[in-house]
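All remarks here apply to the structure that follows.
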Amino acid sequence: MSSHPRPLEGLRVVEVSSFVASPLCGLTLSQLGAEVIRVDPIGGAADVNRWPVTGDGNSIYWTGLNRGKKSVTVDFRDPAGQRVVQDLVTDSGPGGGILVTNAGGRSWMSHETLTARRPDVITLELLGRTDGTPGVDYTVNAALGFPAITGPTDYAGVVNHALPAWDVACGLYAALAITAAVRRRDRTGIGAQITLPLEDTALAIAGTLGYLTEPQLGGGTRPATGNDVYGTYGTDFEAADGGRFMLVALTPRHFRGLVEMTGTGDAVAAVERALHADFSTEDDRYTHRAVLTPLFAAWFARHTTAEVEAALSETSVLWERYRTFGEVVESGVLERNPLFGELDQPGIGTYLAAGLPARFDNEHLFAGPAPDLGSSTGF
């Protein structure tokens, strides 16, 4: 347990949500010390049994996203159940009056309705698309352009990413928006009506990183680069026994380290002269990657995974061996990293669960186990 107060102690947040973004917002606030009450329909929302599940059918997904929260279930169609939600939001003391939801569109739970009962209420509604119509990570991503440049360069189709990146970013933006609104309310007494579309989250990040700026400025659509890192030298290599490595040479020092390790100095210098290139620059390392990579790949093909790891460990090159999730667990990295602490989750078992990645006063902040569905109803 931390010897310091958690940053958001004293806040009470009511969460009416499902799936990833909204529950992740609540989990993050919970780890930071807020009391988070998740409210579900009786029997649970659509994500209550979502995969992955244990052999007994208990959702690892649901418990993972709802650690440290309280759980209340009500009948959303019953006026009495609606009043329970309204009371939880508006009658929750000076640190309350906060609602996070991706289940908007209900007049009884609207910002206007809640403001009439508590003028300083803070509501955050996560939407799918900008116009308020439904959308999820995978549909938003499809419309944005990333699947068109993901996957092997010789594949003509589209490839979805496995990580729901926009859901994750949206959930973290939501937690930031809530803390910002609380900060403003503490200073001014003014509440906030916040809307956060998943689509806008994705568009904002794609624009900030230049994917949408290039076409506007006449640069065209960014091409697919496979496992090559766009704009610098970075790609994957295969060892003699099948182990695969991702390497990135961001700086001239990194690149020199790769050249020295692979013994390709003379060949790289000859290529540099022949192409009138300057491999001390990212531009030329990236532009001529198709010539450089086979030079390095030949060295990897002559060495085992263990030999490659040993050699890379002696260089400044940025690298890591590709692993499966199972290999990550088997490597012992979870036990060695203080980010993880043992969690006894009823219905799931005991496992190492991650705390908040940011350290406060050199300590990670952890949330307790997820509640049984509805276990705090009537508390």
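For clarity, every value in this text was computed on a predicted model and none was experimentally measured. For the numbers below, each heavy atom of this structure counts, side chains included, while hydrogens, waters and symmetry mates do not.
Paired with Glu238 under the rule salt bridge (charged side-chain N to carboxylate O under 4.0 Å, His left out), one option of Arg321, Arg302, Arg244 passes, and it is Arg244.
Atom CG of Asp361 is separated from atom NE2 of His4 by 4.0 Å, given to the nearest 0.5 angstrom. Here the CG-CG distance, from Asp228 to Asp236, works out to 7.5 Å after rounding to the nearest 0.5 Å. The CZ atom of Phe360 sits 10.5 Å away from atom CZ of Arg6, with the distance rounded to the nearest 0.5 Å. We find the CG-CD1 distance between Leu124 and Ile194 to be 4.5 Å, quoted to the nearest 0.5 Å. Note that the OH atom of Tyr233 and the CD atom of Glu282 stand 13.5 Å from one another [nearest 0.5 Å]. From Ile98, atom CD1 reaches atom CZ of Arg12 across 10.5 Å, with rounding to the nearest 0.5 Å.
Residues forming a side-chain contact (heavy atoms from CB on, under 4.5 Å) with Pro215 (at least two apart in sequence, or on another chain): none. For Arg83, there are no salt bridge (charged side-chain N to carboxylate O under 4.0 Å, His left out) partners, not counting sequence neighbours. Considering only residues two or more places apart in sequence or on other chains, Arg222 meets the side-chain contact (heavy atoms from CB on, under 4.5 Å) condition with Tyr211, Glu214, Tyr230. By the salt bridge (charged side-chain N to carboxylate O under 4.0 Å, His left out) test, Glu9 pairs with no residue at all, sequence neighbours left out. When the side-chain contact (heavy atoms from CB on, under 4.5 Å) test is applied to Thr179, the partners found at least two apart in sequence or on another chain are Leu8, Leu29, Leu176.
Side-chain N or O atoms of Asp284 include none that pairs as donor or acceptor with a backbone N or O of Ala277 at under 3.5 Å. A donor-acceptor pair under 3.5 Å is formed between the side chain of Ser59 and the backbone N or O of Arg50. When atom types are taken as modelled, the side chain of Asp56 and the backbone of Asn58 share no donor-acceptor pair closer than 3.5 angstrom. With hydrogens and angles disregarded, a donor-acceptor distance shorter than 3.5 Å links the side chain of Thr262 to the backbone of Leu258.
Residue pairs meeting the ring-ring contact (aromatic ring centres under 6.0 Å, His included) criterion with at least one partner in residues 174-204, sequence neighbours excluded, do not occur; the list is empty. Sorted by first then second residue, the ring-ring contact (aromatic ring centres under 6.0 Å, His included) pairs that include residues 119-145, not counting sequence neighbours, number zero. Each ring-ring contact (aromatic ring centres under 6.0 Å, His included) pair with one or both residues in residues 71-109, not counting sequence neighbours, appears once here: Phe76-Trp108.
The closest side-chain heavy-atom distance from Phe279 to Arg256 is not below 4.5 Å. Contact of the Met246 side chain with the Val229 side chain is registered, since non-hydrogen atoms from C-beta on lie closer than 4.5 Å. By the 4.5 Å heavy-atom criterion applied to side chains, Leu334 and Val328 are counted as neighbours. Between Arg183 and Asp186, every side-chain heavy-atom pair lies at or beyond the 4.5 Å cut-off. Using a 4.5 Å heavy-atom cutoff, the side chains of Arg106 and Gln82 are not in contact.
Through chains of ILVMFWY side-chain contacts below 4.5 Å, Leu373 is grouped with Val48, Trp62. Other cluster members for Leu217: none, since no ILVMFWY side-chain heavy atom sits under 4.5 Å from it. Grouped by direct or indirect side-chain proximity (heavy atoms under 4.5 Å, Ile/Leu/Val/Met/Phe/Trp/Tyr only), Phe366 sits alone. Residue Phe19 belongs to a hydrophobic cluster whose other members are Val20, Leu24, Leu27, Tyr61, Leu65, Val168, Leu172, with links defined by side-chain heavy atoms closer than 4.5 Å.
The heavy-atom pair separating Pro23 from Glu15 by the smallest distance is CA-OE2, 3.4 Å. Summarising the geometry of Leu318 relative to His254, their closest heavy-atom pair is CD1-CE1, 3.7 Å, with the distance given to 0.1 Å. Of all the heavy atoms in Val317 and Trp319, the pair that sits closest is O-CD1, 3.2 Å.
At a cut-off of 3.5 Å, with distance as the only test, no side-chain donor of Thr235 or Asn227 sits close to an acceptor on the other residue. Under the 3.5 Å distance criterion, with hydrogens and angles disregarded, no donor-acceptor pair is assigned to the side chains of Ser17 and Asn102. When only modelled atom types and interatomic distance are considered, Thr133 and Asp131 share a side-chain donor-acceptor pair under 3.5 Å.
Relative ring orientation between His161 and Trp166 is described as perpendicular, the plane-to-plane angle rising above 60° on a 0-90° scale split at 30° and 60°.
Taking a cutoff of 4.0 Å between a charged side-chain nitrogen and a carboxylate oxygen, Asp47 and Arg38 qualify as a salt bridge.
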